[in-house]
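Excluded from the calculations below are hydrogen atoms, water molecules and symmetry mates; all remaining heavy atoms, backbone and side chain alike, are included. In what follows, chains are A, B, ... by sequence order, proteins preceding strands, each numbered from 1.
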2 protein chains.
Amino acid sequence: MPSKPAAPITIDAVYAAPGYLFRRMQQIAVSIFMEECKAFDLTPVQYAALIAIHTHPGIDATRLSAVIAFDRSTLGSVIERLQAKDYIERKPAPEDKRIKLLYLTKSGAAILREIIPAVEHAQARMLEPLKPADRKALMGLLTQLVDLNNEASRVPLRAEDALEHLGKGG
Amino acid sequence: MPSKPAAPITIDAVYAAPGYLFRRMQQIAVSIFMEECKAFDLTPVQYAALIAIHTHPGIDATRLSAVIAFDRSTLGSVIERLQAKDYIERKPAPEDKRIKLLYLTKSGAAILREIIPAVEHAQARMLEPLKPADRKALMGLLTQLVDLNNEASRVPLRAEDALEHLGKGG
DNA sequence: TGTTGATTGACAGTATACTGACGATCTAGG
DNA sequence: CCTAGATCGTCAGTATACTGTCAATCAACA
């Protein structure tokens, strides 16, 4: 018996792999977002950061990264770009010289109001090819899976407890 | 009636947005892949490229990008790195001086055989938190959605027809 | 044959991601 | 007060992604 050259290694296994499908879907999602929002010069990441700062005015960069589960190093340049566009401003914290607090500017609040319809349209478009019941099912399963895998990511989501040190009492 | 300051804009809408969940899940997937395969010094993208070259020896970079639906510009540096690691080699095509054909080296074929179990373990881990029936349901819906949104991505997948010019007859 | 248009690989520029390290700063303990 | 450890922002280095451009080359056609 000749020793066979191992199991069939083909590209078809890649096509069916969860990781490959997640990557493709993410790229499709970004593509649709950018197309719907091309009038606004905002990336998905920048949009999420703006929303988070709007929800939590005076948050610092480290806690912001926990609230949206984005890498803290990357967030530095994202904040820089948002600041360069005059959508946010940074103020030193009075009681901690290490921290810089983040606030939306008037421009930032305005662009947020304007872009929301386009963003919602983009989000709807991503799921549009599916039947309504399937959309619900997919989102339900995906929400579960992301939540259950939270600790597996480098930056786990810490939605509420990340804000306990922000002077709201804990 | 005072005109209300628009709908409630909060971070919770982001948490439930398909695009946000796709992004998070992709990052979790990469994290799990890298952890399971840390002994091999191969990224998910490099792995997919290797598999594709193994399946289609003598493919060129442009067709490779269509076969795995990766950006062609990015693929250039991916190929460079795989070549630097001595996993692939590039040979000029005799009948077309523009094209460089891609082949796996012995090292490349070997690392592929060795890494497969780790990759499969990683893929399984991504879905592990879900019940088996839910895993199947999620993968089914995601496969559908990626396929139906194929043209929405910058680099649509062209699995088979991309290879018609490779001398296999068309 | 000579020109036009398409294709290929390469590159520049921008934006995420992640790893690891670093100085400045704050906190706790002694 | 002074030091050890933790935290914050920052940076360097690597790897994807995408846009747009370019020279070399090829294919098609007049």
Side-chain angles (χ1 to χ4, degrees), chain A residues 19-20 22-24 26-35 38 41-49 59-66 68-85 90-102 152-155 162 165, chain B residues 19-20 22-24 26-35 38 41-49 59-66 68-85 90-102 152-155 162 165:
Chain A
Y20 178 77
F22 291 137
R23 174 180 299 269
R24 289 263 290 135
Q26 205 269 327
Q27 286 174 2
I28 289 167
V30 171
S31 178
I32 291 176
F33 183 103
M34 294 306 282
E35 194 180 320
K38 60 173 173 284
D41 188 33
L42 263 194
T43 68
V45 167
Q46 291 168 12
Y47 169 76
I59 197 173
D60 62 284
T62 295
R63 256 162 280 279
L64 178 60
S65 97
I68 51 184
F70 287 173
D71 182 75
R72 198 174 60 169
S73 294
T74 307
L75 207 51
S77 53
V78 175
I79 288 172
E80 252 180 35
R81 283 184 279 273
L82 286 175
Q83 194 174 15
K85 293 176 189 173
R90 315 180 72 172
K91 297 176 182 174
E95 74 277 358
D96 191 335
K97 290 176 187 172
R98 295 170 303 177
I99 295 178
K100 297 175 185 176
L101 307 179
L102 302 170
S153 65
R154 194 206 173 188
V155 187
H165 307 283
Chain B
Y20 178 76
F22 291 135
R23 175 181 297 271
R24 289 264 289 134
Q26 205 269 329
Q27 286 175 2
I28 289 167
V30 171
S31 178
I32 291 175
F33 183 103
M34 293 305 283
E35 195 180 321
K38 59 173 174 283
D41 187 33
L42 263 195
T43 67
V45 167
Q46 290 167 14
Y47 169 77
I59 196 172
D60 62 286
T62 295
R63 257 163 278 280
L64 178 60
S65 97
I68 51 184
F70 287 174
D71 182 76
R72 198 175 58 169
S73 294
T74 307
L75 207 51
S77 53
V78 175
I79 288 172
E80 252 180 36
R81 282 185 280 273
L82 287 175
Q83 194 173 14
K85 293 176 190 173
R90 315 180 72 174
K91 296 178 182 173
E95 74 277 358
D96 190 334
K97 291 177 188 171
R98 296 170 303 177
I99 294 179
K100 297 176 183 173
L101 306 179
L102 302 170
S153 66
R154 192 202 175 192
V155 187
H165 307 282

List for me each residue that meets side-chain contact (heavy atoms from CB on, under 4.5 Å) alongside S77(A), sequence neighbours excluded, and say none if there are none.
-> R81(A)
Non-neighbouring partners of T43(A) that pass side-chain contact (heavy atoms from CB on, under 4.5 Å), sequence neighbours left out | M34(A), V45(A), Q46(A)
Rounded distance [0.5 Å steps], CZ in F22(B) versus CD1 in I28(A) | 9.0 Å
Of all residues at least two apart in sequence or in a different chain, which pass the side-chain contact (heavy atoms from CB on, under 4.5 Å) check with Q83(A)?
-> I88(A), R90(A)
Kindly point out which of dT7(D), dA10(C), dT7(C) is positioned nearest to the side chain of R98(A)?
-> dT7(D)
In whole Å, what is the span from the CZ atom of R63(B) to the P atom of dG9(C)?
-> 8 Å
At a cut-off of 3.5 Å, list every protein nitrogen or oxygen paired with a nitrogen or oxygen from nucleotides 2-5 of chain D, distance to 0.1 Å.
none

Euclidean distance, L102(A) CG relative to D60(A) CG, rounded to 0.5 Å | 7.0 Å
Nearest 0.5 Å, what's the CZ-CZ distance between F70(A) and R24(B)?
-> 9.0 Å
Kindly point out which of dT16(D), dT25(C), dT25(D) is positioned nearest to the side chain of K97(A)?
-> dT25(C)
Separation of dT19(D) atom C1' from E35(A) atom CD, nearest Å, is 14 Å
Nearest-nucleotide 5' precedence on DNA chain C, I99(B) against D96(A) = I99(B)
Closest non-hydrogen atoms of A49(B) and I68(B), given as atom of the first, atom of the second and distance, are CA-CD1, 4.1 Å
List in numerical order all residues of residues 71-79 of chain B for which some heavy atom is under 4.0 Å away from an atom belonging to DNA chain D.
-> D71(B), S73(B), T74(B), V78(B)
Output all residues satisfying side-chain contact (heavy atoms from CB on, under 4.5 Å) with T74(A), sequence neighbours left out; order by chain, then residue number.
-> D71(A), V78(A)
Side-chain contact check for Q46(A): nearest option of dG9(C), dT16(C), dC11(D) is dT16(C)
Q27(A) side-chain proximity, nearest of dC18(D), dT16(D), dC18(C) | dC18(D)
Which value, rounded to the nearest 0.5 Å, describes the distance between L75(A) atom CG and L64(A) atom CG?
-> 4.5 Å
Please check the phosphate of dG9(D) (OP1 and OP2 only) for any side-chain N or O of T62(A) closer than 4.0 Å.
-> yes
Would you kindly give the CZ-to-P distance between F33(B) and dC18(C), to the nearest whole Å?
-> 15 Å
